[in-house]
Amino acid sequence: MKVHSLWVYPVKSLAGICVDELDLDDFGPAGDRRWMIVDEEGHFVTQRSHPELANIQVSLVEGQVQLGIPGQGSFTLKPSSERITTLVWRDWTSALLGQPDASEALSRFCSSSVRFVYMPDDSFRRVDPERVKDRRRVSFADGFPLLITNLSSLEELNSRLQVPVEMRRFRPNVVVQGAAPWDEDHWRELDVGACRLSLVKPCSRCAMTTVDPDLGVKDPATQPLKTLSGYRRTEDGVIFGMNAVHDSAGRIQVGDSITTIKTE
């Protein structure tokens, strides 16, 4: 097995960026989901309610996140010094408000009042202690620093669909090539290059998988989630991919070999 592709998501629920390497820091992939969109109450906003967010262009220029918001222009995300308390699922987390120009443009684009927020280094959001005993942190990602998916599993799913979908629908960080379909269900520890990853929870999928990443609209037939739910439903939900934590800082590169250390 080897690393097929790598992805980073500078802003939660905006488009990912395909990269050649991922540097893993204390949060997870460096720069991954340190930015997020919130409503007036500080609750996180995603493509579940605003599928049009998929149409925003995202790039990294000299370490800064740049956005192209349709009809509004280009913006560089910069945090202010103003604190806000934000909600991600069940976690209340301290964040810094972004500078107002990008937030005002996004509000116009979404036709609702929303703001960009940034998770600074001194903000600590803990990984689910029921799944990970160590006191580990995570960014604004749904719950864990990394998401691992299997290219063969996508191919098997696509064999059941009238219109195949891309892996972008599932928003992985690390895509594995060379495994059998659904082998990832049984992986518990992997060596990926020089990094040790612990796979701690199956990833339950939601309506975001039905959003076309090129058009920013939900599939009226709720695919591929409808098909996936017909044969991949477990007590953890409708499963595609595995959530993971990394043992230490390091670097993962496209083409790195992957070795299974522990299965279940």
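- Placement of Leu228 and Met242 in two distinct hydrophobic clusters is found when ILVMFWY residues are connected by side-chain heavy-atom separations under 4.5 Å, directly or transitively.
- At distances below 3.5 Å, not a single donor-acceptor pair connects side-chain atoms of Glu189 with backbone N or O atoms of Ser198.
- Closest heavy-atom contact between Asn158 and Pro164: OD1-CA, 3.3 Å.
- The hydrophobic cluster containing Val45 does not contain Ile84, counting ILVMFWY residues as joined when their side-chain heavy atoms lie under 4.5 angstrom apart, directly or transitively.
- Here the side chains of Val174 and Leu147 are not in contact, with every heavy-atom distance at 4.5 Å or above.
- A donor-acceptor distance shorter than 3.5 angstrom exists from the side chain of Ser229 to the backbone of Leu225, with no hydrogens or angles considered.
- For the pair Asp25 (side chain) and Ala249 (backbone), a donor-acceptor distance under 3.5 Å is absent.
- Identified under the ring pair (Phe, Tyr, Trp, His ring centres under 6.0 Å) test for residues 190-237, with sequence neighbours left out: none.
- When side chains are defined from C-beta on, Met1 does not count as touching Gln177, because their heavy atoms never get closer than 4.5 Å.
- Atom CZ of Phe140 is separated from atom CH2 of Trp35 by 9.5 Å, given to the nearest 0.5 angstrom.
- The CG atom of Leu106 sits 11.5 Å away from the CG atom of Asp101 when rounded to the nearest 0.5 Å.
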Exercise for review: List the steps, then state whether salt bridge (Lys or Arg N to Asp or Glu O under 4.0 Å) holds for Asp212 with Lys218.
Suggested key: CA-CA 6 Å; Asp212 187 318; Lys218 291 182 178 179; over 6 Å; no
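- The CD atom of Gln72 sits 10.5 Å away from atom CD of Glu104, with the distance rounded to the nearest 0.5 Å.
- Leu22 and Val176 fall within a single hydrophobic cluster, where Ile, Leu, Val, Met, Phe, Trp and Tyr are joined by side-chain heavy atoms under 4.5 Å apart, directly or via other members.
- In terms of modelled atom types and a separation under 3.5 Å, the side chain of Asn173 and the main chain of Trp7 share a donor-acceptor contact.
- Electrostatic pairing of Asp121 and Arg34 counts as a salt bridge here, judged by a charged N lying under 4.0 Å from a carboxylate O.
- Applying the ring pair (Phe, Tyr, Trp, His ring centres under 6.0 Å) test to residues at least two apart or on different chains, the pairs with a partner in residues 178-225 are Trp182-Phe240.
- Judged by the 6.0 Å distance and 45° axis criteria, Arg137 is positioned over the aromatic ring of Phe27.
- The backbone N or O of Ile239 sits nowhere less than 3.5 Å from a side-chain atom of Arg205 that would complete a donor-acceptor pair.
- Judged by distance alone, the side chains of Ser94 and Arg83 do bring a donor and an acceptor atom under 3.5 Å apart.
- Summarising the local packing, CD of Glu41 is surrounded by more than 12 heavy atoms from other residues, nucleotides or ligands at distances under 6.0 Å.
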Exercise for review: Could you give me the CA-CA distance, side-chain angles and deciding distance for Cys110 and Glu52, then say whether side-chain contact (heavy atoms from CB on, under 4.5 Å) is met?
Suggested key: CA-CA 8 Å; Cys110 292; Glu52 69 273 14; 4.0 Å; yes
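- Side-chain contact, Gln223 with Thr210: no donor N or O sits under 3.5 Å from an acceptor N or O.
- The pair Asp236-Arg131 meets the salt-bridge criterion, since a charged nitrogen lies less than 4.0 angstrom from a carboxylate oxygen.
- Panel note: side chain Thr149, backbone Val175; no donor-acceptor pair is recorded below 3.5 Å.
- A distance of 11.0 Å separates CG in Leu157 from CD in Glu155, rounded to the nearest 0.5 Å.
- Between Val11 and Val65 there is a side-chain heavy-atom pair separated by less than 4.5 Å.
- Classification of Asp219 and Lys226 as a salt-bridged pair fails, no side-chain N sitting under 4.0 Å from a carboxylate O.
- Here the straight-line distance linking atom CG of Leu77 with atom CZ of Phe75 works out to 10.0 Å at 0.5 Å rounding.
- Looking at Thr86, its side chain does come within 3.5 Å of a backbone N or O of Thr93 through a donor-acceptor pair.
- Contact record, Pro213 with Arg169: CD-NE, 3.4 Å, taken as the closest heavy-atom pair.
- Contact record, Pro10 with Ala15: CD-O, 4.3 Å, taken as the closest heavy-atom pair.
- The shortest distance between side-chain heavy atoms of Pro70 and Ile56 falls below 4.5 Å.
- Side-chain contact between Glu264 and Asp185 is absent, with no heavy atoms from C-beta onward closer than 4.5 Å.
- For Trp89 and His43, the ring centers are positioned 6.0 Å apart or more.
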Exercise for review: Would you check, one step at a time, whether the test side-chain contact (heavy atoms from CB on, under 4.5 Å) holds for Asp191 with Ile258?
Suggested key: CA-CA 6 Å; Asp191 275 351; Ile258 300 175; over 6 Å; no
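- Taking the side chain as every heavy atom from C-beta outward, Val245 and Leu197 never approach each other to under 4.5 Å.
- Around CG of Asp122, the count of heavy atoms belonging to other residues, nucleotides or ligands within 6.0 Å exceeds 12.
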**Study point:** Full working for side-chain contact (heavy atoms from CB on, under 4.5 Å) between Phe116 and Ile37
**Key:** CA-CA 5 Å; Phe116 288 103; Ile37 301 164; 3.8 Å; yes
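- Taking 4.5 Å as the limit, every side-chain heavy atom of Val114 sits out of range of all side-chain heavy atoms of Val38.
- Using a 4.0 Å cut-off between charged nitrogen and carboxylate oxygen, Arg168 and Asp214 count as a salt-bridge pair.
- For the pair Glu21/Val254, no side-chain contact is recorded, criterion being any heavy-atom separation below 4.5 Å from C-beta on.
- Tyr9 places no side-chain N or O within donor-acceptor distance of the main-chain N or O of Ala141, the cut-off being under 3.5 Å.
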Check your understanding: So Ser248 and Arg196, side-chain contact (heavy atoms from CB on, under 4.5 Å) or not? Walk me through it.
Key -> CA-CA 8 Å; Ser248 62; Arg196 175 69 56 89; over 6 Å; no
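- Clustering ILVMFWY residues whenever any of their side-chain heavy atoms sit less than 4.5 angstrom apart, transitively, puts Leu215 in a cluster other than the one holding Phe170.
- Using a 3.5 Å distance cut-off with no hydrogens or angles, the side chains of Glu40 and Ser113 do pair a donor with an acceptor.
- Hydrophobic clustering of Ile, Leu, Val, Met, Phe, Trp and Tyr side chains at less than 4.5 Å, counting indirect connections, unites Tyr118 with Leu67.
- The two residues Arg251 and Asp23 come nearest to each other via the heavy atoms NE-OD1, 2.6 Å.
- Side-chain atoms of Thr227 do not come within 3.5 Å of backbone N or O of Pro224 as any donor-acceptor pair.
- With a 6.0 Å radius and a threshold of 12 heavy atoms from other residues, nucleotides or ligands, Gln253 has its CD atom above the threshold.
- No side-chain donor-acceptor contact under 3.5 Å links Asp134 to the backbone of Arg136.
- The heavy-atom pair separating Leu14 from Arg171 by the smallest distance is O-NH2, 2.7 Å.
- Distance check: Cys195 SG to Leu190 CG gives 11.5 Å after rounding to the nearest 0.5 Å.
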